[in-house]
Amino acid sequence: MDTPHDDLAITQLSDPCARAAELRRLIAHHDLRYHQLDDPEISDAEYDRLLRELQALEAAYPACITPDSPTQRVGAAPLVAFTTMTHRMPMLSLANAFSDDELREFDRRVRAALGDDTEWIYAAEPKLDGLALSLRYEHGVLVEAATRGDGHRGEDVTAQVRTIRGLPLRLRGDDWPPVVEVRGEVLLSRARFAALNAAARARGEKEFANPRNAAAGSVRQLDPRITAARGLSFFGHGLGTVTDAPWNASHLASLRQLAAWGLPVVPEARAVLGAAGCLAYYRALLARRAALPYEIDGAVFKIDDRAAWARLGTLSRAPHWAIAFKFPAEEVLTVVEAIDFQVGRTGAITPVARLRPVRVGGVNVANATLHNFAELERKDVRVGDTVAVRRAGDVIPEIVRRLPERRPDGAAAVVLPDHCPACGAAIARAPGEVVARCSGGLYCPAQRKEALKHFASRHALDIRGLGERLIEQLVDRDLVRDPADLYALTVADYAALERMGARSAANLVAALARSRSTTLARFIYALGIREVGAATAQALAAHWRDLEALMAASVPELLAVPGVGPTVAEQVRGFFDQPHNREVIAKLRDPAGAHLHWPAPEPPDAAPALAGKTFVLTGTLSAPRATIAARLLARGAKVTSAVSAQTDYLVAGERPGSKYERARALGVTVLSEDELATLLEVAGDGAPARPD
DNA sequence: TTACCTCGAGCTCA
DNA sequence: CTCGAGGTAA
């Protein structure tokens with residue numbers, strides 16, 4: 001083959017674009033040698049020369065630039081903002097196992113569901129500790145990259161992801177389907193992380209806390225050039241599209257196919273047999289954890305036979321053919337320096353342990369909630385105690401246990417205060433109740449602050465610029481006692497507050513003015529009635545379509561609303577019975593005052609989309625049963641409790657019961673939650689999940 | 001719950 | 001330059 005130089009001499013004059021294509025092919029080849037095979041054929045200097053030649057050529061002949069050119073990795077202009085995009089196939093999460101028994105139980109369920117007594121082959125992989133991504137290749141070219149988001153919609157980070165070296169902008173070969181969606185993880189290797197922090201330290205800048213957060217931050221840079229400089233890595237671990245191809249019959253084979261297309265795939269993936277094979281793999285991985293070049297937080301096991309995936313199904317948000325076996329959460333000892341009592345919106349008193357800050361799982365932990373007083377009593381945590389702390393479910397700090405032998409002499413048991421720390425009103429704990437409550441109601445400044453925060457929050461009246469610190473000042477200076485007072489203050493009043501100038505004050509008043517025009521559901525939600533969240537507020541609004549009618553409703557009438565049980569009905573009735581609440585509502589609606597208003601809701605469709613259809617729900621669903629039932633009822637469907645031949649659909653959640661078997665026996669259509677969501681979307685707007 | 005990024009705007013000092 | 005608010009991710 002000709003050397004690049006000879007090539008250049010021959011082709012440049014005749015066809016610059018052909019030379020550009022040749023250079024791209026060469027660069028892609030050397031990228032693969034370097035990043036994937038770790039076996040470069042040419043020096044970095046030679047590689048750079050190829051890249052510079054391509055850059056020069058493209059600069060001279062811009063018509064030759066293609067989107068998959070390696071020159072397009074960097075240099076893209078900063079974005080103005082991230083946009084969201086919808087995943088064609090939802091990005092699921094995985095069920096977790098934390099013990100050998102839970103893993104064996106998973107295997108047992110798999111075998112039971114597949115109706116086969118043989119051991120199944122699992123694909124075993126490390127669970128990389130990064131940021132989940134979905135890449136989309138169309139006709140072999142990378143066109144889209146998105147974060148997981150809520151699983152259905154994520155952020156478009158294409159420009160950032162294009163800068164990841166070693167990630168092909170064009171798939172190798174030509175045997176790919178027209179559309180390939182690759183699921184995988186972006187991360188920073190330990191080495192890159194250390195190098196970045198060393199550089200930051202040398203410049204006297206702030207260091208990153210851990211590789212995962214550093215990777216997440218790098219992906220969320222508006223300027224892709226910064227992302228490029230961070231040195232991210234990507235590893236694929238699955239496909240987001242279903243393709244009927246021989247290599248797709250086995251998960252491990254599809255990983256090999258990804259590698260053949262030039263994609264880096266999760267290392268150490270291999271086949272293991274049955275639960276015993278999974279456990280052996282897990283132990284071997286755990287032993288090598290510290291020696292790996294990147295952080296992992298467990299192992300993932302997937303049934304390798306993809307034909308079995310369809311039979312096992314995907315229920316709720318996680319597939320039934322895979323499980324993540326997490327490594328035990330790191331436990332760190334620290335000292336309880338204080339125990340504070342926080343007052344929530346409903347007056348609930350929550351004890352919070354203030355800890356001597358310690359690093360747990362890559363972050364500094366200084367607080368741990370004890371949830372309620374009963375929990376505090378059970379754990380018998382006292383000030384001065386040494387406790388073991390971990391981050392449960394990877395997120396929320398939790399006091400696992402205390403070390404009795406390290407308790408200092410004279411450490412006194414924490415007692416539930418008689419009086420609210422914020423307002424001094426009596427604290428009551430009903431016998432047998434777990435939660436203690438401040439009786440101060442909305443006279444309690446802490447409850448007032450929480451109520452105002454809730455009122456201004458995104459799904460309530462969405463008042464931008466009214467944050468925690470501002471609410472603190474407003475309540476502490478007694479400028480605002482209830483939400484209606486917010487609307488009575490002037491720009492000058494707000495401008496007089498700390499860190500508020502004329503500009504901020506004007507913006508806030510404008511945001512308040514915008515919030516006056518709202519919806520009934522948002523208004524009901526904003527009131528902060530106990531037990532009434534976004535979905536229930538929506539159900540109440542849809543049922544009465546008028547605030548006066550709702551305020552006059554009796555408990556039995558309230559019970560008629562789908563999704564409303566005795567607890568909610570009592571709370572709603574009790575709320576509207578309070579003269580104070582009625583006064584605030586009147587103030588909020590007063591045309592001469594706050595003047596909150598909303599359009600009269602549309603009457604429901606004459607013929608609801610799911611009229612005559614009968615549904616049965618089973619298993620653990622992502623929302624309370626009653627909420628999902630309400631959505632179905634709002635569209636005219638019937639929801640019953642037992643599966644019969646008359647049932648049209650069974651909606652199966654996590655760990656469905658005997659109804660699932662019966663539905664299959666009767667040939668009733670079984671829907672996953674995702675399928676139900678699609679059906680509801682198609683069936684139109686009966687009762688959307690959000691009050692909007 | 002913590003970490004990180006982005007934006008707007010106030011604060012501080014030249 | 002620094003802070004508060006708002007968003008996202010695990």
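Comparing A:Thr369 and A:Ala214 by the nucleotide of DNA chain B that holds the closest heavy atom to each, the one mapping nearer the 5' end is A:Thr369. The 5' end of DNA chain B is approached more closely, in terms of each residue's nearest nucleotide, by A:Pro397 than by the other of A:Pro397 and A:Ser218.
Side chains of A:Val381 and A:Val414 form no contact here, defined as non-hydrogen atoms less than 4.5 Å apart. In this structure, the side chains of A:Arg230 and A:Phe208 come closer than 4.5 Å at one or more pairs of heavy atoms.
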For nucleotides 8-10 of chain C, give me every protein contact, N/O to N/O, under 3.5 Å, one pair per line with atom names.
residue : atom : partner  : partner atom : Å
C:dA9   : OP1  : A:Thr147 : OG1          : 2.8
C:dA9   : OP1  : A:Gly149 : N            : 3.3
C:dA10  : OP1  : A:Ala132 : N            : 3.1
C:dA10  : O4'  : A:Arg212 : NH1          : 3.2
C:dA10  : O4'  : A:Arg212 : NH2          : 3.3

Using a cutoff of under 3.5 Å, can you pull out all pairs of nitrogen or oxygen atoms linking the protein to nucleotides 10-14 of chain B, with atom names and distances?
residue : atom : partner  : partner atom : Å
B:dG10  : OP1  : A:Gly501 : N            : 3.2
B:dG10  : OP1  : A:Ser504 : N            : 3.0
B:dG10  : OP1  : A:Ser504 : OG           : 2.8

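If you take CG of A:Leu222 and C1' of B:dC7, they are 10 Å apart, rounded to a whole angstrom. One interatomic measurement links the two molecules: CG of A:Asp462 to C1' of C:dG7, which rounds to 12 Å at whole-angstrom precision. Between the C1' atom of C:dG6 and the NE2 atom of A:His459 lies a distance of 13 Å, rounded to the nearest Å. Between A:Leu466 atom CG and C:dG6 atom P the separation is 8 Å, expressed in whole Å. Whole-Å rounding puts the A:Tyr494 OH to C:dG4 C1' distance at 17 Å. In this structure, CZ of A:Arg359 is placed 15 Å from C1' of B:dT1, rounded to the nearest angstrom. Regarding A:Asp223, its CG atom lies at a distance of 11 Å from the P atom of B:dC7, rounded to whole Å. If you take CD1 of A:Ile226 and C1' of B:dC4, they are 13 Å apart, rounded to a whole angstrom.
Using a 4.0 Å heavy-atom distance criterion, A:Val186 is classed as making no nucleic acid contact. No engagement by A:Phe82 is indicated, since no non-hydrogen atom pair under 4.0 Å with the nucleic acid exists. Using a 4.0 Å heavy-atom distance criterion, A:Ala81 is classed as making no nucleic acid contact.
Between A:Gln221 and B:dC4, a side-chain N or O to OP1/OP2 separation shorter than 4.0 Å is absent. Remark: A:Lys206 is in phosphate contact with B:dC4, judged by side-chain N or O atoms under 4.0 Å from OP1 or OP2. Side-chain nitrogen and oxygen atoms of A:Asn210 include none within less than 4.0 Å of the OP1 or OP2 phosphate oxygen of B:dA3. Not one side-chain nitrogen or oxygen of A:Asn507 sits closer than 4.0 Å to the OP1 or OP2 atom of B:dG8.
In this structure, A:Glu207 places its CD atom where more than 12 heavy-atom neighbours from other residues, nucleotides or ligands lie under 6.0 Å away. More than 12 heavy atoms of other residues, nucleotides or ligands lie within 6.0 Å of CZ in A:Arg402, so this atom counts as buried by the packing criterion.
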> After noting the C-alpha distance and the side-chain angles of A:Leu512 and A:Ile463, does the key distance pass the side chain to side chain contact (heavy atoms under 4.5 Å, CB included) rule?
Replying inline: CA-CA 6 Å; A:Leu512 281 162; A:Ile463 304 167; 3.8 Å; yes
> How far apart are the C-alpha atoms of A:Val161 and A:Leu167, what are their side-chain angles, what is the distance that settles it, and do they pass the side chain to side chain contact (heavy atoms under 4.5 Å, CB included) test?
Replying inline: CA-CA 8 Å; A:Val161 167; A:Leu167 184 67; 3.4 Å; yes
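Of the residues listed (A:Tyr122, A:Tyr282, A:Phe301), the one engaging A:Phe325 in a ring pair (Phe, Tyr, Trp, His ring centres under 6.0 Å) is A:Tyr282, and it is the only one.
Ion pairing between a basic and an acidic side chain is recognised when a charged N comes within 4.0 Å of a carboxylate O; A:Glu498 and A:Arg469 show no such pairing.
The ring of A:Trp309 has its center no closer than 6.0 angstrom to the ring center of A:His320. Between A:Tyr525 and A:His454, the distance separating the two ring centers is shorter than 6.0 angstrom.
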